[in-house]
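Notes follow the structure.
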Amino acid sequence: ELGILAKIQHCEVAPAQYELVPQFAPINLACDENRIIMETIQRIARKYGYEAIFHEKPFRHVNGSGKHVNLSLGT
């Protein structure tokens, strides 16, 4: 619905953590899409009484937790 192409959506290692992998895009577009995704997730979580956490490592000693970005500056 947002017009953001995502290649992968699946559960992660940490409890209640999910991964979303947007399609590769030019850096300015990828940054905008990343922000739109986070704002949408935050809005939907609050609508249902939850909180979405985007901190890189929110829980000490919990493998797989945290938001990260993979990028390539090659081509």
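Positions are given from 1, in the same order as the sequence printed here.
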Report task. Quick one: closest heavy-atom pair of A45 and A52, and the distance? Result -> CB-N, 3.9 Å
Query raised in the report: Among the clusters formed by ILVMFWY side chains lying less than 4.5 Å apart, do F54 and I4 turn up in the same one?
Result: yes
Requested in this report: Check side-chain hydrogen bond (donor to acceptor under 3.5 Å, both in side chains) between Q42 and all other residues, then give those that pass, not counting sequence neighbours.
Outcome: none
Query raised in the report: Same hydrophobic cluster for I41 and L2, using side-chain heavy-atom links shorter than 4.5 Å among ILVMFWY?
Result: yes
Query raised in the report: How close do T40 and I36 get, heavy atom to heavy atom, and via which atoms?
Result: OG1-O, 2.8 Å
